[in-house]
Structure formats: C-alpha cells, structure tokens
4 protein chains.
Amino acid sequence: MTSKKTEKYQMILEGALKVFAEHGFHKSQVSKIAKAAGVADGTIYLYFKRKEDLLICLFREKLGELVQKFEDSVRDIDDVKEALHKVCEIHYTELENNVDLAHVTQIELRQSSMELRREIGMAFKPYIVLIENLLVKGVQQGVFKPDLDVKLVRLLLFGAMDEVVTSWLISGRKYSLAGQVNGTIDFFLKGIAR
Amino acid sequence: MTSKKTEKYQMILEGALKVFAEHGFHKSQVSKIAKAAGVADGTIYLYFKRKEDLLICLFREKLGELVQKFEDSVRDIDDVKEALHKVCEIHYTELENNVDLAHVTQIELRQSSMELRREIGMAFKPYIVLIENLLVKGVQQGVFKPDLDVKLVRLLLFGAMDEVVTSWLISGRKYSLAGQVNGTIDFFLKGIAR
Amino acid sequence: MTSKKTEKYQMILEGALKVFAEHGFHKSQVSKIAKAAGVADGTIYLYFKRKEDLLICLFREKLGELVQKFEDSVRDIDDVKEALHKVCEIHYTELENNVDLAHVTQIELRQSSMELRREIGMAFKPYIVLIENLLVKGVQQGVFKPDLDVKLVRLLLFGAMDEVVTSWLISGRKYSLAGQVNGTIDFFLKGIAR
Amino acid sequence: MTSKKTEKYQMILEGALKVFAEHGFHKSQVSKIAKAAGVADGTIYLYFKRKEDLLICLFREKLGELVQKFEDSVRDIDDVKEALHKVCEIHYTELENNVDLAHVTQIELRQSSMELRREIGMAFKPYIVLIENLLVKGVQQGVFKPDLDVKLVRLLLFGAMDEVVTSWLISGRKYSLAGQVNGTIDFFLKGIAR
DNA sequence: TATGAATGAGTCTTCATTCAT
DNA sequence: GATGAATGAAGACTCATTCAT
C-alpha cells in the first residue's frame with residue numbers, strides 16, 4: 001500500500017525532474033510531466049496540491065538526499081579543513097554527475113516567486129547550517145580565525161560554490177566541475193592576498 | 001526631440017522596474033506596467049517587441065549604468081586591494097539604495113529561460129571582466145598570489161557577493177548590506193584559515 | 001464510445017455553422033461558437049487546432065455529404081440530360097432548404113486566404129469531377145456535342161449555378177431557388193440562340 | 001487643388017490595390033497600405049472613412065472603368081452575338097492583363113460582410129444590366145429565344161464567366177484566359193446539347 | 001492638409017485544475 | 001485510487017482609428 005503510493009509519488013517526481021530540467025518550470029506543462037511519469041494528469045493532483053508543489057517537493061527530496069550525503073561524509077572527519085574540502089567535492093561532483101538535478105537547482109528553482117524563494121531558502125538551511133557548524137568547529141579548534149563572522153562567511157562560501165556551478169552549467173559544461181575543488185578550497189582557506 | 005522619444009522609453013522601463021520588483025516577471029501583466037508607466041498598453045509595443053524585451057532592456061540599461069560606476073570608481077585607484085574594496089562597496093551600497101533594482105537583478109532576472117540566462121551572462125561579462133582585470137593587476141603587482149586562477153576566483157568573488165545580496169534581500173533586508181563590505185573583503189583577501 | 005467522442009465534435013461544428021452563417025467568419029468569436037455548441041471555449045481546442053480549422057472541417061463535412069447525395073442521385077440515371085437536371089435540382093434545393101449552409105458555402109467560405117481558397121477548391125473537386133463525368137458520358141452517348149470542351153464547360157455550369165445561388169441569397173431569398181432549375185438546365189442544354 | 005486632392009486619393013487606391021492583391025483584405029494593415037501609397041497612416045482617413053471604404057471605392061472605381069469600357073465597346077455593335085462575344089473578350093482580357101485587379105475582384109472582394117456583399121452587388125449592377133440589355137435586344141431582334149428568362153440568364157452568363165476567371169486565378173494562371181472566349185460564347189449561344 | 005505617435009478595445013489560445021466515471 | 005475529458009480564467013499582442021502638432 002504505502003509502497004505503491006510512494007511508487008507513483010516517486011515516478012511523478014522523476015518525471016518532473018526530467019521535464020523541468022529540459023524545459024524549465026514555466027514552460028513545463030503538467031500534462032507533459034504526467035506523460036513523462038506515466039500517469040494521468042489528474043493523478044498528479046492526488047499527490048501534489050499545485051504545480052508549484054512539484055518543484056518544492058522535488059527540491060526538498062533531492063536536497064534532503066544531498067544534505068544527508070554531506071552529513072554522512074563529514075560526520076567522521078575531525079579535520080575541519082578536510083571536511084570543508086569534502087563538502088565542496090561533494091557539492092561539485094554530485095551536480096556534475098546529475099545534470100538534470102543541477103539544472104533544477106541552479107536554474108529552475110530560481111524561477112519562482114518571492115514566496116517560493118523563501119521556501120527554498122528554508123530548505124537550503126540545513127546545508128548552510130552544516131557549513132556553519134564546520135566553521136564554528138574550526139574556530140573552536142583554532143584552525144580558523146577566532147573573529148570569523150560565521151553568519152557572513154557561510155553565505156560567502158555557499159554563494160561562491162553556487163556561482164561556480166551555475167557558470168559551469170551555463171557555459172555548456174565544457175570543463176570539469178570537480179576539477180575546481182582545489183582552487184575553490186584554496187581560495188576559501190587562504191584568500192587571494194599573497 | 002531625442003529626449004522626447006527617449007522619454008516614453010524611459011517611463012516604460014521605470015514602470016517595468018517597479019512592477020517587476022513588486023510582483024515578479026511572470027506575474028506582472030503588461031497592462032499593469034503600462035499603467036505604472038502612464039501609457040497605453042499598445043504604446044509599450046512601439047518601443048519593445050515582446051514583454052521579455054522589457055526585462056532584457058531594463059537589465060542592460062541598469063547594469064550598464066552600474067558597470068559604468070564601477071569603472072569610474074576604480075579607474076584612479078592604483079592599490080588593487082583598495083580597488084577591490086571599492087568594488088564590493090559599490091556592489092552592496094548601490095543595491096541597498098535601490099531595492100527595486102536589487103529585486104530585479106537578484107530575483108526576477110533569474111526567472112527566465114536558459115536562453116535569457118545566457119543573455120544575462122553576456123551582460124554581466126563586463127563586470128566579471130573588470131574584476132578579472134583587478135585580479136590580474138594584483139598578481140602583476142605581486143599583491144596577490146602569483147598562481148591565482150583568475151578565471152575561477154573572479155567567479156568565486158562575484159558569486160560570494162551575489163549570494164550575500166540575495167540572502168539580504170530574501171531575509172527582508174533586516175540588516176545593513178553595506179556593513180558586510182569589510183567582512184567580505186577580509187574573506188576575499190585573507191581567507192578563513194588562521 | 002465513438003458516438004460520444006463524435007458527439008461534441010458534431011455539436012461544435014453545428015454551433016460553428018450557426019454562428020458563421022449569422023455573423024460571418026471574421027466576426028464570429030470562438031467564445032460565441034462555444035456557447036452555441038454548449039461547450040467551454042477550451043473544449044473547442046480539444047477537437048480543432050485553430051479557429052480556421054472549424055471552417056475547413058465544417059466545409060469538408062458538409063460538402064462531403066452533399067457530394068454523396070449527388071452521387072447517390074445520379075448513379076442510377078442513364079439519361080445524362082435527366083442526370084444534369086437532377087444535379088441542378090439537388091444543388092438548388094439542398095441550399096434552399098439549408099440556408100445556414102448556403103451562407104457558409106456562398107459567403108463565408110470565400111472569406112479566406114488564397115491558401116484556404118485552394119483547400120476549398122480541392123474539396124469542390126469531387127463535385128466538379130462528377131459534372132465532368134456526366135459531360136463525358138453525354139459526349140460518348142452522342143447526346144452532347146462531340147467537340148465539347150469539358151474542362152471549360154464544367155466550370156461554366158458550376159459557375160452559373162453558383163452565381164444563381166449567391167444572387168438568390170444576397171437578394172434576401174425573395175423567390176424560389178428550386179424554381180430556377182428548368183430555366184438553368186434549358187440554358188445549359190440549348191443555349192440562348194434561337 | 002482638386003487635382004492634388006485627387007492625386008493622393010488615387011495614390012492611396014493604387015497602394016490599396018497592390019497590398020490587397022498581395023495579402024488579401026483582412027491581412028492588409030492600413031499602415032502597409034499607407035506605406036505603399038507613400039502617405040502617412042492618418043492621411044488615409046482624410047480620404048476614406050474606414051478601411052472597408054478602401055475596398056468599396058477601389059472596387060467602384062475600377063469596376064466603373066471596366067463598365068465604361070464595356071459600354072464603349074458595345075455601343076456601336078449592332079450584332080448582339082458579336083456584342084456578347086466582345087463583352088466576354090473584354091471581361092477575360094482585362095482581368096488577364098491586370099492580375100492585381102483580378103485578385104481583388106475575384107478573391108478579396110468576396111472577403112467581406114454580407115453588408116459589403118450587397119454593396120458589391122449594387123456596383124456590379126451596371127454590368128449585369130448591360131448584359132441584360134443585350135439579351136433584351138437580342139430577343140427583340142429575334143436572334144435569341146423569345147421566351148428567354150433574361151433575369152435568370154444574365155446571372156448564368158455572369159456567373160459562368162466569373163467562375164472561369166476565378167478558377168484560372170486559383171490554378172495559378174497556367175493557361176490563357178482570353179483563349180476561353182470562344183468556348184464560353186459557344187456554350188452561351190448553343191448550349192451543350194447536340 | 002499632412003503627419004505618425006499614441007491609443008485601447010478586442011480575441012484567440014493556453015494550460016492548471018477539477019470531477020464524473 | 002486512477003483517469004483524462006472538460007473547464008474557463010487569464011493575458012499578451014494587434015491594429016484600426018484618432019488627434020495634437
């Protein structure tokens with residue numbers, strides 16, 4: 001029962017991911033998603049209240065999985081620098097290996113109302129918090145500057161990585177995203193001043 | 001003569017800026033923009049081919065002005081660190097003092113097709129290049145690391161600032177954006193490692 | 001099953017026939033046709049791609065029925081003169097008894113692009129061919145002149161009848177159309193010379 | 001003064017003829033006609049009340065010239081058969097030599113409301129009457145059947161010729177229209193029966 | 001008279017959502 | 001639960017017509 005219900009639910013989300021990634025949110029008709037998911041149009045409304053919910057849920061689901069991966073990877077790493085490196089590596093490789101998801105997170109998710117943007121901000125929160133915790137831990141360990149403005153720097157870190165991914169995507173993915181990890185982390189840790 | 005022809009054009013762009021900022025691109029009816037601009041619906045189509053053109057032109061126009069300001073400000077500053085500080089300061093203060101524009105650049109402009117995203121990327125280019133030139137200059141002066149990956153770092157800088165602005169906007173502008181300049185630049189220059 | 005799917009299709013065509021006949025193609029709003037057909041505006045687009053398709057399909061459907069009647073009537077008549085008389089009789093009586101259809105065929109169908117005119121020409125073809133076959137048969141039987149230019153005369157026959165119907169319609173249908181059959185056929189067969 | 005006024009008036013009608021012939025009435029924007037005529041959009045409204053008036057006046061003007069030609073040609077011909085031949089010859093050759101006009105009379109003029117169709121019917125009247133007079137004259141001379149239904153036959157004649165022209169036009173003018181005169185007149189005079 | 005920028009009413013078409021089966 | 005035919009609100013865009021210059 002539950003599994004069957006979950007089954008269609010997942011099929012619809014997979015369909016939405018494909019269609020959103022290819023056409024963008026506003027140009028993705030519900031009927032197209034239904035076809036991609038192999039269900040009837042109306043069926044979608046048994047699992048999702050509105051079209052926008054598809055985006056939100058897709059995002060929560062996928063981001064949840066990602067955050068889980070981040071947490072799993074970092075949990076057993078005591079060295080915060082190494083942990084930060086791992087976070088960036090996962091951030092880049094996961095999206096590089098899942099272009100559809102990258103499209104949705106970098107392009108489609110932004111195509112939404114202020115209201116939805118707030119929703120999205122909320123869902124990103126755990127990831128931002130994870131970064132923040134790393135920063136705090138680093139400060140406590142004396143590895144990071146003691147006067148670090150963690151609230152600001154967590155944004156700077158996330159924004160920097162985010163832009164790298166978006167730029168890579170828009171450029172047509174002509175280079176390796178994973179190849180940017182070292183450069184990114186080096187910048188984070190040491191800045192640009194000699 | 002010229003001013004008169006330009007007059008309506010500007011009025012329409014101003015109207016579009018207001019309406020886009022308040023409602024977002026997709027929920028902004030052309031008729032609402034016309035009303036805000038004080039012209040008839042049809043008049044808009046004498047100056048712009050499609051609704052989307054409003055967004056593109058608005059963006060080009062405003063971004064052009066911004067880039068001009070950046071260039072003017074930086075031109076006579078020899079100290080690249082100071083120049084970078086100035087760039088960040090302008091980036092934050094300009095958007096803080098022009099919330100409507102901030103809304104459009106941070107939220108609405110992203111609400112567009114891949115195609116338009118590419119357009120936008122093109123228009124951001126001069127700004128990115130300006131940052132890149134600063135980086136190169138700094139490397140040459142020996143102020144920045146000699147092995148700096150300027151192509152990567154310019155993205156990191158831009159992305160970091162961009163995220164700070166967006167986050168400030170989404171949070172409801174509860175704190176001073178200009179107040180983040182020092183922290184941001186400090187991060188850029190020195191990184192986070194102790 | 002089939003009947004149900006066809007049902008709405010037919011209802012829409014009937015609605016279109018009524019509205020086109022009353023207001024003409026260009027002044028017939030789709031919403032008015034929908035109301036006349038007892039369906040929602042959008043429903044029309046489940047069965048027809050564009051408004052113009054309504055005209056084309058209506059025409060094909062109705063003309064097809066007419067041509068069928070012509071063929072059925074003539075099939076068992078060996079005397080070509082009698083057959084020609086029958087054709088003219090059906091031509092006049094069918095349109096006299098179906099004023100809405102007459103409006104559409106004589107007035108609205110002509111209100112269309114060159115492109116559509118060609119479509120219409122194609123659909124009239126079977127009728128023109130039927131007349132041509134009668135002429136050929138008559139020549140073979142020695143009932144019609146041996147040197148008859150059938151390609152030309154079939155047009156002359158059709159054009160003559162067509163004009164009579166249009167004139168009758170435009171005049172306000174003040175006389176009997178069926179009453180013109182004998183005069184028409186007499187003209188066809190014997191000409192006007194003493 | 002008058003000549004100058006007439007000059008623009010004529011230029012506009014010429015422009016309208018060209019544009020209507022090329023694009024058809026409904027797809028001919030007033031601005032396009034203005035450009036073709038070399039005047040401003042508004043100028044057209046100094047000479048014509050509505051767009052539809054362009055069609056009506058164009059039609060009256062051109063048809064008036066044609067009817068004049070018919071009358072001039074027929075005036076001095078006593079032999080009604082010869083006169084009828086002349087009428088058909090002019091009908092075909094004039095339109096064959098003036099394809100734009102042919103387009104307008106055969107295609108565009110029909111693209112109009114019932115109301116306009118009536119107008120057109122009125123303007124055709126002199127031509128129809130001219131044919132009728134020939135028929136009456138022929139009957140009086142004993143050249144045509146004494147019991148000829150002139151009201152009906154004038155329609156049959158006009159309709160037949162009209163269809164030949166339209167068919168020639170739609171077919172792409174692949175054969176000579178003037179070459180159909182003899183066949184047409186033969187049909188009119190002698191009918192098709194052996 | 002002539003202009004052409006401005007107007008704004010008018011309409012086709014799309015597509016998210018519903019609901020009878 | 002599942003379907004998909006039906007709905008109808010919504011809105012971008014066109015273009016005949018006007019009128020200030």
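The CG atom of C/L66 sits 12.0 Å away from the CD atom of C/E61 when rounded to the nearest 0.5 Å.
Distances from the side chain of D/K51 to the nucleotides E/dA16, F/dA6, F/dT17 place F/dT17 closest. The D/V39 side chain lies nearest to E/dT3 when the options are E/dA6, E/dT3, F/dA12. Taking the side chain of D/Y47 as heavy atoms from C-beta on, and the options F/dT7, F/dA5, E/dA2, the nearest nucleotide is E/dA2. Nearest nucleotide to the side chain of B/L46, out of F/dG4, E/dA6, E/dT13: E/dA6. Distances were taken from every side-chain heavy atom of A/K8 (C-beta onward) to each of F/dG11, F/dT3, E/dT7; the shortest belongs to F/dT3. The listed nucleotides are E/dT13, F/dT17, E/dT17; the one nearest the side chain of A/V30 is E/dT17.
Each of B/Q29 and C/D41 was matched to the nucleotide of DNA chain F holding its nearest heavy atom; the match closer to the 5' end belongs to C/D41. A residue-by-residue look at C/G42 and B/I44 shows that B/I44 has its nearest nucleotide of DNA chain E further toward the 5' end. Mapped onto DNA chain F by nearest heavy atom, D/S28 and C/T43 fall at different nucleotides, with C/T43 at the one closer to the 5' end.
Between A/K27 atom NZ and E/dA16 atom C1' there is a gap of 18 Å when expressed in whole angstrom units. Whole-Å rounding puts the B/I12 CD1 to E/dA5 P distance at 13 Å. Taking atom NE2 of residue B/H26 and atom C1' of nucleotide F/dA10, one finds them 14 Å apart after rounding to whole Å. The distance from atom OH of A/Y9 to atom C1' of F/dG1 is 17 Å, rounded to the nearest whole Å. For B/R50 and F/dG11, the CZ to C1' distance is 16 Å, given to the nearest whole Å. For the pair D/F48 CZ and F/dA16 P, the interatomic distance rounds to 15 Å; values are reported in whole Å. Distance, D/K35 NZ to E/dT3 C1': 14 Å, rounded to whole Å. Atom-to-atom, NZ of B/K32 to C1' of E/dG8 comes out at 18 Å; the value is rounded to the nearest Å.
Counting only heavy atoms from C-beta outward, the side chains of A/L17 and A/K62 approach each other to under 4.5 Å.
In this model, the phosphate group of F/dT7 is not approached by any side-chain N or O of C/Y45 to a distance below 4.0 Å at OP1 or OP2.
Using cut-offs of 30° and 60° for the angle between ring planes, the B/Y9 and B/F48 rings count as parallel.
Pairing of E/dT21, defined by two Watson-Crick or G-U wobble distances under 3.5 Å, is identified with F/dA2.
A cation-pi arrangement is present between D/K51 and D/F25, with the terminal nitrogen or guanidinium carbon under 6.0 Å from the aromatic centre and inside a 45° cone about the axis.
Of all heavy-atom pairs spanning C/G15 and C/I33, the tightest one is C-CG2, 4.1 Å.
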